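One structure below.
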Amino acid sequence: MKFKAYQWGELLGILFLLASTAAQIFYVEPLRREIEWRLAAFAMQQNAQVQIEATYGTHIATLKALNAPQAGITAAETERDATLARFRTANANISDYLIDKEQVENYLQIIVIGLFAVGLLLAGFGRAMEMRASGKPE
């Protein structure tokens with residue numbers, strides 16, 4: 001059995017449709033979920049950072065109100081700064097990751113849409129040529 005050119009085109013179009021679906025399922029969706037998880041973790045981390053900053057602020061204000069020794073106040077401020085510095089490093093890591101991965105997600109979406117469009121055109125053209133060759137006006 002010998003295939004005609006439009007039948008090969010239709011077959012190739014169907015393969016492109018399958019490739020676009022596979023790319024969406026196996027690459028784009030997991031990447032999108034990972035980005036959403038990291039955004040949720042980032043939001044929780046931001047809330048924790050605000051709470052810790054408020055807790056240390058209250059602690060330092062209480063020490064000052066009780067006329068605690070300056071060494072105790074300085075130690076609390078140093079501990080606060082060290083804790084908040086860890087949050088800033090984690091914030092930078094998450095934001096760098098998200099900036100990198102969102103660009104990859106955009107490129108993958110463009111590839112998926114392109115594969116789908118080309119596959120749809122090829123499959124539709126092949127089907128139209130098949131109907132034309134059979135002589136049926138359906």
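Treat the numbers as computed from the prediction; the structure is a model and nothing was measured.
Residues Q109 and Q24 are in side-chain contact: their nearest non-hydrogen atoms beyond the backbone lie under 4.5 Å apart.
One finds the OG1 atom of T21 at 13.0 Å from the CZ atom of F16 (value rounded to the nearest 0.5 Å). Here L108 contributes atom CG and S20 contributes atom OG; the two are 12.5 Å apart, rounded to the nearest 0.5 Å. Here the CG atom belonging to N47 is positioned 9.0 Å from the CE atom belonging to M44, to the nearest 0.5 angstrom. To the nearest 0.5 Å, atoms CZ (R33) and CD (E36) are separated by 9.0 Å. Distance CZ/R86 to CD1/I52: 8.0 Å, rounded to 0.5 Å. Here the straight-line distance linking atom CG of L63 with atom CD of Q70 works out to 10.0 Å at 0.5 Å rounding.
Taking all atoms of both residues into account, the shortest heavy-atom contact from A76 to I60 is CB-CG1, 3.9 Å. Across all non-hydrogen atoms, the minimal contact from L17 to G119 is CG-C, 3.9 Å. Scanning both residues, I94 and Q45, for their nearest heavy atoms gives CD1-OE1, 3.4 Å. In terms of heavy atoms, R38 sits closest to L98 at CB-CD2, 4.0 Å.
Hydrophobic clustering keeps L120 apart from W8 (ILVMFWY residues linked when any side-chain heavy atoms are closer than 4.5 Å, directly or through intermediates). Residues F26 and L31 share a hydrophobic cluster, clusters being chains of Ile/Leu/Val/Met/Phe/Trp/Tyr side chains in contact below 4.5 Å. Under a hydrophobic-cluster definition in which Ile, Leu, Val, Met, Phe, Trp and Tyr are linked whenever side-chain heavy atoms come within less than 4.5 Å, directly or via other members, F42 and V104 are assigned to the same cluster. Note on V28: it clusters hydrophobically with L39, by side-chain heavy-atom contacts below 4.5 Å among ILVMFWY residues.
Scanning for salt bridge (Lys or Arg N to Asp or Glu O under 4.0 Å) contacts around E29 gives R32, with sequence neighbours left out. Annotation: side chain to side chain donor-acceptor pair (under 3.5 Å) contacts of Y97 (sequence neighbours excluded): E34.
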Checklist entry - Please walk me through it: do E10 and Y6 pass side-chain hydrogen bond (donor to acceptor under 3.5 Å, both in side chains)? => result CA-CA 6 Å; E10 184 177 0; Y6 64 84; over 6 Å; no
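For Y56, the OH atom sits in a packed shell: over 12 heavy atoms of surrounding residues, nucleotides or ligands are nearer than 6.0 Å.
The backbone N or O of K4 sits less than 3.5 Å from a side-chain atom of Q7, completing a donor-acceptor pair.
Of the candidates I111, V118, V112, I111 is the only one forming a side chain to side chain contact (heavy atoms under 4.5 Å, CB included) with L115.
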